[in-house]
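Read through the structure below, which is laid out as structure tokens, and then see the notes.
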Amino acid sequence: MTEAREHWGSRFGFIMAAAGSAVGLGNIWKFPYVTGENGGGAFLIIYIAFVFIFGLSLVMAELVLGRTTQKNPVGAFKQLAGGAWPLVGMLGIFTGFVILSFYIVVAGWTLAYIGFMTSGQLSTADPAALGDVFGNFIGESTSPTVYAGVFMLLTAATVVGGIGKGIERVAKLLMPVLFILLLILVARAVTLPGAGAGLAFYLTPNFDAVTASTWTAAIGQAFFSLSLGMGALITYGSYMTKSHSLPASAASVVALDTGIAILAGFMILPAVFAFGFDPASGPGLAFITLPAVFASMPGGIFFGVLFFALLAVAALTSSVSLLEVVVTYLIDEWNFTRRTATASAALVCFAVGVPSALSQGAVDLFVINGTPFLDLMVAFTDFLLPLGGLFIALFVGWKMGPAAIAAATNDGKARLPFASVWIWVLRIVAPCGIIWVLLQPILS
Ligand code: PHE
């Protein structure tokens, strides 16, 4: 425990790691299907508004908590306030388990799809056939569980080595490749015959489609995509040194994450309409739509393999940050070794993930009132993350207040325009907004 805490190698390294945490399945798998389920353009506008109103302020708040205390989420609250506040950190650890448990399942699907691309079963643009391949695969009991286990192992193997060397280097190299590939696929998708209907769906706000659940979905998606509300950014902030400008780093991470989600929408939604899929297909949307895009382009198999491999890497840089929250907590607060902490957290999380892996048709028990366990976990997350964010906003806004501004700006050395606006967003706007959104299902 006397060992000095590790720190990110550079500001660029931190941004890549934090963007690595933010950019993942949330952007490429979840964002397009949630947009599809919630009427397209109107959802996009609400989502972007939430990212700017709550997202940026809260990303900064979490980073301030971590960097100031150099502690895990529970330790950070203990050091600054004590009382009941460390429970907010505990809520984050719990949320981390919930997310990771289904995250490894979906990431496992991407691993499987790397192989499916080469086996020929996806070389068709027929929606029904692609839907069958996906449905049959996730409806099985063994493969999805095994793939989830393999992905959990990959995550644990990375976390055990400490995150600096491995993950920072891989992320720096592969995330830009993923970005370029995304641009190529967007170019293909928007030029497909019939893509126009998808673009119209995505870009024309239809506020009639907005219901109570749209607001919850949008706020949940904003928090999920930014890795916000459960302490991942407190944890990553705790490995930050004072020498970097925190507001500028926060803004870069938010911009990268949001940009990539919007691009993913341009890749999936036009293709959905061009090939006649249903935009409200749910969690399978990317897995049924993308193969059709690949089948319709030269070198499709090559691009397909590359794409699912890069998506798996993007998911890995996110799942690592989820596991790291739990591991840092066990090391800081319970004196676990990194090895024991990683092994036990990974094992428990995998066990919690099994019902999700088996909920897509394999075991009826895991379909509750018609909703698969995995989808329930996703919905639970959409609630838990904003709840965590609510307490973090109140804490940094009211308990820290001006001290948070000093901490964010290195005592005035780094630029933070509208510093007092930031504090008032944390004090009033974000808490009221979050409460209002979370109450929507009850109010309407
Ligand atoms: N932001 C990640 C994604 O979009 C998921 C995540 C959520 C990671 C919360 C860490 C914490 O895929």
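As the structure lists them, so they are numbered: ligands from 1, and atoms in each ligand from 1. Quick caveat, the model's predicted, so the values are computed rather than measured. In this chain, residues are counted from 1 in sequence order.
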For E140, give me all partners under side chain to side chain donor-acceptor pair (under 3.5 Å), at least two apart in sequence or on another chain.
S143
In the protein, which heavy atom is nearest to [atom], and how far is it?
atom: atom 4 (O) of ligand 1; answer: A22 O, 2.9 Å
atom: atom 1 (N) of ligand 1; answer: F224 O, 2.8 Å
atom: atom 12 (O) of ligand 1; answer: Y103 OH, 2.4 Å
atom: atom 9 (C) of ligand 1; answer: S227 CA, 3.5 Å
atom: atom 2 (C) of ligand 1; answer: S21 O, 3.2 Å

Is there a side-chain contact between F102 and V378 (heavy atoms, below 4.5 Å)?
yes
A student checking ligand 1 against S225 at a 4.0 Å heavy-atom cut-off should list atoms 1 (N), 4 (O)
Per-residue contact class, M230 against ligand 1 - non-hydrogen pairs under 4.0 Å:
side chain
Return yes or no for this condition: an N or O of G26 is under 3.5 Å from an N or O of ligand 1.
yes
I'd like to know whether F201 forms a side-chain contact (heavy atoms from CB on, under 4.5 Å) with V272, so could you lay out the CA-CA distance, the side-chain angles of the two residues, the decisive distance to 0.1 Å, and finally the verdict.
CA-CA 10 Å; F201 174 78; V272 165; over 6 Å; no
Look at atom 11 (C) of ligand 1 and find which of L25, L322, L385, V23 reaches it with the closest heavy atom.
L322
For T110 against F308, the heavy-atom pair lying closest together:
O-CB, 3.9 Å
Using the ring of each side chain (for Trp, its six-membered ring), is Y47 parallel, tilted or perpendicular to F43, with breaks at 30° and 60°?
parallel
Would you please say whether a donor-acceptor pair under 3.5 Å links the side chains of E324 and Y329?
no
Do NZ/NE/NH1/NH2 and the carboxylate oxygens of D332 and K78 come within less than 4.0 Å?
no
